[in-house]
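Take a look at the structure set out below.
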Amino acid sequence: MSLKVYNTLGRKKVEFSPLRKGRVGMYVCGVTVYDYCHIGHARSVLVFDMIYRYLKAKGYKVIYVRNFTDIDDKIINRANQEGVDFREVSERFIGAFYEDMDALGVERPDVEPKATEHIKEMIEMVRGLVDRGHAYTVDGDVYFDVMSFSDYGKLSGRSLEEMKAGARIEVGEKKRNPLDFALWKASKSGEPAWESPWGLGRPGWHIECSAMSMKYLGETLDIHGGGLDLIFPHHENEIAQSEAYTGKPFCLYWIHNGFVSVEGEKMSKSLGNVLLIRKMVKEYHPEALRLFLLSTHYRSPIDFSRKGLEEAKGAMNRLYRTLEAIEEVGVSKEDPISEEGKEVAARLKEKREAFFAAMDDDFNSALALAKVFEGAREMNRFLKESGESYEEKARVAGVFMELVGPVKGVFGILRVTPQNWFKGIKELPMSVEEIERLIQERQEARRVKDWARADSIRDELKAKGIVLEDKPKGTIWRLA
RNA sequence: GGCGGCAUAGCCAAGUGGUAAGGCAAGGGACUGCAAAUCCCUGAAUCCCCGGUUCGAAUCCGGGUGCCGCCUCCA
């Protein structure tokens, strides 16, 4: 099956065909480590985590690079406020980043370069740009000359003329053109600085991604990703400086994820509605967060809300209930033998194919997930309505699990046992022993048909958020 | 002001030319001591509006309205 992706460069869905057959070089703009990550960062990371996992599931040999911007104005400002070295700030938030991503179950990229460890490569590139006449020096700053790059604007769909007409950009005295951007900045006293041919200074923001991506992936990348806010100016500038430097296409496919709003509003510090990942994972199971963030197509905007998250949790419950029901019959690797079993198995296989077809269509995770839910219903129905033997049900369950496998791998959900899922992530209101004692007491009441007593125990537990379900094999409990 | 995107049931969300997926919620039924869960059934006559193309449009084209993003740091 062939994969199609929406390429921001050209703004249409196109056949995905990497530079080298079977291999993919993928670079995604990481975070600037000056503060804790929020739900918007989570979406971006999760979207590309999904893409990375899916490419691997399709058999591509992927090299995934995601950087850390660990030198930048915002980091310096924070360090100054706290009166500490900028490295202390960047290291602290790199640590926090890993805590958050681990909590979300995000896979580690193959390479995670830091800007400060690639100053040499950046200087080399800036020097090359100056030599080729694409950059000029003013008082220790080096600027890229956008007029020297005729394709400037091809990613964001703007022309230099249009942008000048915009005129919201002030002409800095130093720059020849308001759109010229800094490749290297002379440092002010007291700021972090590195030796360079232009004196002490530090790299501009855009140059790091070009230098690091090319170092690890070569001069032409297959995929470059990031949030859609990065299209301009960041990615536009990366293209300009990279292609001016190498004379080759910088990246074949540009992929950008949509934004997250919160309860209908833009997330911003001034509105005070920034939702930090570390806070969210304490309230909601990471898999519910993943499902929520991945159940909207990656390019569409998504509005984060309590209600939406509760729904995602409910949807996860549904899938875990199916897995729980399967545990009762077991999973067999053999092919179904009954008429009905074969039919259901065939439909389940169709769901699996539809899952891959959906993902092949520009990573349509919402559609792919729908196929999983359809599969779950198919499975539930067979488990409950069919008069077939447990052995036959186990064989069909085996087919269903072949759909669950890719779901686990690509979306990073359904990775815990149903028991663990239903225990939730919050503190129990009472001890497990206590709960089980009450269940026993209720069983005894039920046995002697003392329904009033039995129901009052159930109501009592329910009031504390513990729900009882009477199954053929006994009563189980779960956290609401 | 310039550039780009989105607008589908109560809510979330697929669908980009041929009688509108899926999830949540709602109603009815089966099951249950009663529930819960599960299964079955029901549910969109403006697919934002107005024109146009077409045998046929949610889907293509033009215009409009609303919302969002970018143009300055931003996932």
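All values below were derived from every heavy atom in this structure, side-chain atoms included, with hydrogens, water molecules and symmetry-related copies excluded. Just so it is clear: chains get the letters A, B, ... in the order the sequence lines come, proteins before strands, and each one is counted from 1. Everything numeric in this text was worked out from a predicted model, so none of it was measured.
Distance, A/His234 NE2 to B/G4 P: 22 Å, rounded to whole Å. In this structure, the CD atom of A/Glu374 is 13 Å from the P atom of B/C24, given to the nearest Å. The distance from atom CG of A/Asp362 to atom C1' of B/A13 is 16 Å, rounded to the nearest whole Å. When rounded to the nearest whole Å, the span between CZ of A/Phe355 and P of B/G22 equals 18 Å. If you measure from atom CZ of A/Arg299 to atom C1' of B/A14, you get 13 Å, rounded to the nearest angstrom. At whole-Å resolution of the value, CG in A/Asn257 and C1' in B/C6 are 16 Å apart. Whole-Å rounding puts the A/Leu155 CG to B/G4 C1' distance at 11 Å. In this structure, CG of A/Asp73 is placed 16 Å from P of B/U72, rounded to the nearest angstrom.
B/A45 and B/A20: their C1' atoms are spaced 13 Å apart (whole Å). Using atom P as the reference point in both B/C48 and B/C12, the two lie 14 Å apart (nearest Å). Remark: the separation of the C1' atoms in B/C47 and B/A58 is 4 Å, to the nearest Å. Nucleotides B/A26 and B/A35 are separated by 15 Å at their P atoms, to the nearest Å. To the nearest whole angstrom, the two C1' atoms, one in B/U38 and one in B/U32, are 12 Å apart. As rounded to the nearest Å, B/C3 and B/G62 have P atoms that lie 14 Å from one another. With P as the reference atom, B/G64 and B/G15 are 27 Å apart, rounded to whole Å. B/C6 sits 15 Å from B/U59 when the C1' atoms are compared, rounded to a whole Å.
Applying the ring-ring contact (aromatic ring centres under 6.0 Å, His included) rule to A/Trp477 yields no partners; only residues at least two apart in sequence or on another chain are considered. A/Ala366 pairs by the side chain to side chain contact (heavy atoms under 4.5 Å, CB included) definition with A/Asn364, not counting sequence neighbours. Contacts of A/Arg453 classified as side chain to side chain contact (heavy atoms under 4.5 Å, CB included), with partners at least two apart in sequence or in another chain: A/Glu441, A/Ala445, A/Asp450, A/Ser456, A/Ile457. Under the side chain to side chain contact (heavy atoms under 4.5 Å, CB included) criterion, A/Glu99 pairs with A/Arg278, sequence neighbours left out. The side chain to side chain contact (heavy atoms under 4.5 Å, CB included) check on A/Ser210 picks up A/Met125, A/Met214, A/Glu238, A/Gln241, A/Ser242, A/Phe250, with sequence neighbours excluded. For A/Asp145, there are no side chain to side chain donor-acceptor pair (under 3.5 Å) partners, not counting sequence neighbours. Under the ring-ring contact (aromatic ring centres under 6.0 Å, His included) criterion, A/Tyr34 pairs with no residue, sequence neighbours left out.
For residues 305-328 of chain A, the pairs satisfying ring-ring contact (aromatic ring centres under 6.0 Å, His included) are A/Tyr320-A/Trp421, with sequence neighbours left out.
Here B/A75 is the nucleotide among B/A75, B/C73, B/C3 with the atom lying nearest to any side-chain atom of A/Leu230. In this structure, of B/A14, B/G33, B/C73, it is B/A14 that holds the atom nearest to the side chain of A/Ser300. Minimum atom distance to the side chain of A/Lys266 is reached by B/C70, of the listed B/A14, B/A75, B/C70.
Residue contacts for A/Ile231: at a heavy-atom cut-off of 4.0 Å it reaches no nucleic acid atom on any strand shown. A/His297 comes within 4.0 angstrom of sugar-phosphate atoms only, judged by non-hydrogen atoms across all strands, and of no base. No contact: A/Val372 has no heavy atom under 4.0 Å from any strand.
Two residues are said to be in side-chain contact when any heavy atoms from C-beta on lie closer than 4.5 Å; A/Asn257 and A/Phe48 meet this criterion. Between A/Pro406 and A/Phe355 there is a side-chain heavy-atom pair separated by less than 4.5 Å.
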### Message
For a quick check, with a 4.0 angstrom heavy-atom cut-off, what is the B/S/- contact string for nucleotides 34-40 of chain B, read 5' to 3'?
### Response
BBBSBSS

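Stacking of A/Trp451 onto the six-membered ring of B/G33 is present: less than 5.5 angstrom between centres, less than 30° between planes.
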### Query
Does the side chain to side chain donor-acceptor pair (under 3.5 Å) test come out yes or no for A/Gln440 and A/Arg437, once each step is laid out?
CA-CA 5 Å; A/Gln440 273 312 311; A/Arg437 194 188 58 72; over 6 Å; no

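Sparse packing is recorded around CD of A/Glu339, with 12 or fewer heavy atoms of other residues, nucleotides or ligands lying under 6.0 Å away.
Not less than 6.0 angstrom separates the ring centroid of A/Tyr143 from the ring centroid of A/Phe181.
Across residues 414-423 of chain A, not one residue has a non-hydrogen atom less than 4.0 Å from an atom of RNA chain B.
Toward the 5' end of RNA chain B, the nearer of the two residues A/Phe373 and A/Arg11, judged by each one's closest nucleotide, is A/Arg11. Nucleotides of RNA chain B nearest to A/Pro233 and A/Asn364 differ in position, and the one nearer the 5' end is that of A/Asn364.
Relative orientation of the A/Tyr52 and A/Tyr64 rings is tilted, given thresholds of 30° and 60° on the angle between their planes. The aromatic rings of A/Phe93 and A/Tyr36 stand perpendicular to each other, their planes meeting at an angle above 60°, with 30° marking the opposite boundary. Using the six-membered ring where Trp is involved, A/Phe149 and A/Phe144 have ring planes that are perpendicular, over 60° apart on the 30 and 60° scheme.
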### Summary
Encoded 5' to 3' (Watson-Crick or G-U under 3.5 Å; [ ] crossing; | other strand), RNA chain B becomes ((((((((.[[[..)..(...]]].(((((.......))))).....[[[[[..)....]]]]])))))))....

Identify each atom pair where a protein N or O and an N or O of nucleotides 9-12 of chain B are less than 3.5 Å apart, giving names and distance.
residue: B/C11; atom: O2'; partner: A/Lys307; partner atom: NZ; Å: 3.0

